[in-house]
Amino acid sequence: MPELPEVETVLRGLRARVLARRVAAVEVRNPLVIHGGSGEFAAGVTGRRIEALERKGKALAIELGPRNHEAGPEDAAGCFLVVRLGMTGQLVVVPSDAALQPHTHVRLVLEDGREEIRFRDTRRFGRLRCCTRDELEGILGRLGPDAPQISEEQFLDAARGRRGSIKGWLLNQQILSGLGNIYADEALFEARIHPLTQPGRLSAEAARRLHRAVKKILKRAVELQGTSFRDYIDIEGRPGNFLPRLRVYQRTGEPCRRCGRPIRRVVVCGRSSHFCPECQRRPRHAASPSPGGWRKRDRIPQGPLA
DNA sequence: GCAAGCCTGACC
DNA sequence: GGTCAGGCTTGC
């Protein structure tokens with residue numbers, strides 16, 4: 001699943017392979033993955049040079065230069081290609097004559113015509129979008145600080161007074177951006193915090209521990225080029241190497257690597273949360289899996305609570 | 001049936 | 001405004 005370390009790996013790969021190259025042609029094979037009209041998308045991207053690549057959270061922004069200074073104002077201004085990989089999205093750089101893999105939705109043919117960037121996405125949760133600088137600022141502005149950049153003070157301030165679960169809080173991209181289900185579970189284990197703990201009721205010490213844990217886990221995962229649980233590969237088609245380092249994610253029933261107790265699973269905010277019931281004790285004031293009392297549409301959470 | 005990012009909308 | 005359920009999607 002592409003979270004921050006996987007997107008960072010893709011970003012670094014693209015910087016090495018496609019920076020300063022021009023997009024000669026665009027083929028949208030499935031308009032569903034394009035935010036907005038696919039015709040406008042193709043027209044907006046074609047003929048521009050890749051000037052820079054940046055990332056915030058899980059969002060990838062590719063800066064495209066002016067097409068032609070002598071043409072109209074639209075061509076003279078640059079634009080940005082924003083990529084969200086969603087759950088199973090992949091960006092790969094391949095020779096143009098490479099066989100087309102299933103679920104290839106977009107092709108960006110590079111200038112010499114011998115190589116291209118392909119966007120593949122089995123689940124089709126990913127999106128590509130062509131936008132102006134103002135629009136990009138709006139998109140990125142809705143995201144909280146990039147998780148590796150957030151200061152301890154910002155982190156503690158953001159948690160203050162928050163109800164609900166710390167797990168849901170970590171997944172909220174408006175608070176801090178980049179964490180998904182894998183690294184949220186791993187960071188909570190590292191910090192020894194139960195996923196149903198309320199952010200606002202964390203001790204300052206626990207909140208600092210979590211802040212350090214988030215950074216530590218992400219740093220290590222970036223160094224190991226991410227986690228390939230099922231679909232994730234980098235732009236060269238290589239899997240990440242963090243999988244053997246996972247201590248709780250998708251290890252339900254397996255022994256905790258710290259204490260040996262079986263890892264448990266609880267559903268929080270509709271997401272599986274994996275934790276060690278010994279190392280991550282449930283606080284007395286844990287968030288309810290269904291805050292605000294039981295309503296008609298409430299479901300019994302799956303799996304026993306700690 | 002479950003996985004999961006992200007958007008929308010409902011609820012308090 | 002905070003918070004969470006629902007729905008999208010398809011392979012296992």
Side-chain angles (χ1 to χ4, degrees), chain A residues 1-8 10 29-36 55-60 82-91 101-105 119-129 138-144 146-147 157-186 195-201 226-233 243 246 248-253 265-274 285-303:
Chain A
M1 262 56 75
E3 303 179 32
L4 186 148
E6 292 77 27
V7 178
E8 178 68 23
V10 167
R29 301 170 52 81
N30 186 341
L32 197 127
V33 303
I34 305 297
H35 181 107
R55 177 193 61 71
K56 185 174 184 188
K58 306 173 199 173
L60 190 61
V82 178
V83 182
R84 287 175 185 274
L85 294 173
M87 183 180 173
T88 57
Q90 304 173 346
L91 283 176
Q101 299 287 106
H103 311 294
T104 301
H105 303 310
F119 176 70
R120 295 187 61 213
D121 190 2
T122 311
R123 297 287 187 277
R124 289 191 272 160
F125 281 10
R127 290 291 180 271
L128 269 59
R129 171 175 186 176
I139 293 164
L140 301 185
R142 271 171 249 130
L143 296 173
D146 194 46
D157 280 351
R160 199 156 289 134
R162 290 291 189 141
R163 306 166 88 80
S165 64
I166 190 67
K167 176 65 183 288
W169 187 83
L170 286 175
L171 293 178
N172 184 344
Q173 304 295 301
Q174 296 180 7
I175 292 166
L176 75 169
S177 57
L179 287 178
N181 215 25
I182 297 177
Y183 301 115
D185 279 4
E186 294 298 314
L196 284 172
T197 308
Q198 295 190 41
R201 304 191 75 152
T227 304
S228 293
F229 204 82
R230 188 170 289 161
D231 300 274
Y232 169 73
I233 52 171
L243 191 68
L246 295 180
V248 287
Y249 181 75
Q250 287 289 346
R251 294 191 65 241
T252 309
R265 173 182 172 271
V266 63
V267 175
V268 183
C269 293
R271 294 287 171 265
S272 296
S273 288
H274 312 82
H285 44 70
S288 161
S290 299
W294 295 95
R295 294 189 293 267
K296 264 188 240 164
R297 57 190 163 91
D298 284 341
R299 288 179 312 167
I300 303 297
Q302 298 175 27

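Values reported hereafter were calculated over all heavy atoms of this structure, with side chains retained and with hydrogens, waters and symmetry mates removed. Per chain, numbering begins at 1; letters A, B, ... match sequence-line order.
Counting non-hydrogen atoms under 4.0 angstrom, R84(A) reaches the backbone sugars and phosphates but no base. Residue T88(A) is classed as having no contact, given no heavy-atom separation below 4.0 Å to the nucleic acid. Residue contacts for S177(A): at a heavy-atom cut-off of 4.0 Å it reaches no nucleic acid atom on any strand shown.
The backbone N or O of H274(A) sits less than 3.5 Å from a side-chain atom of D185(A), completing a donor-acceptor pair. The backbone N or O of D121(A) sits nowhere less than 3.5 Å from a side-chain atom of T88(A) that would complete a donor-acceptor pair.
H35(A) places its NE2 atom 14 Å from the P atom of dC6(B), with the value rounded to the nearest Å. Distance CD (Q173(A)) to P (dT3(C)): 15 Å, rounded to an integer number of Å. Here the P atom of nucleotide dG1(C) and the CZ atom of R160(A) are 20 Å apart, to the nearest Å. Between L170(A) atom CG and dG5(B) atom C1' there is a gap of 15 Å when expressed in whole angstrom units. Between the C1' atom of dT9(C) and the CG atom of L32(A) lies a distance of 9 Å, rounded to the nearest Å. Rounded to whole Å, atom C1' of dG2(C) lies 17 Å from atom CZ of R201(A). In this entry the distance linking CE of M1(A) with P of dC12(C) reads 14 Å, nearest Å. Nucleotide dT3(C) holds its P atom 5 Å from the CZ atom of R162(A), rounded to whole Å.
Closest contact between the side chain of T122(A) and the listed nucleotides dG5(B), dC6(B), dG11(C) involves dG11(C). Comparing dT3(C), dC4(C), dT9(C) against the side chain of C269(A) picks out dC4(C) as the nearest. The H103(A) side chain lies nearest to dG11(C) when the options are dG11(C), dG5(B), dT3(C). Comparing dC6(B), dA3(B), dG11(C) against the side chain of M87(A) picks out dA3(B) as the nearest.
Annotation: of the two residues near DNA chain C, G161(A) and R230(A), the 5′-most nearest-nucleotide partner is G161(A).
Using a 4.5 Å cut-off on side-chain heavy atoms (C-beta onward), Y232(A) and E3(A) make no contact. Residues K167(A) and L196(A) fail the side-chain proximity criterion, which asks for heavy atoms closer than 4.5 Å. The shortest side-chain heavy-atom distance between L171(A) and C269(A) does not fall under the 4.5 Å cut-off.
The base of dG5(B) does not come close enough to the side chain of R127(A) for any donor and acceptor atom to sit less than 3.5 Å apart.
An aromatic stack links F125(A) and the base of dC8(C), using centre distance under 5.5 Å and interplanar angle under 30°.
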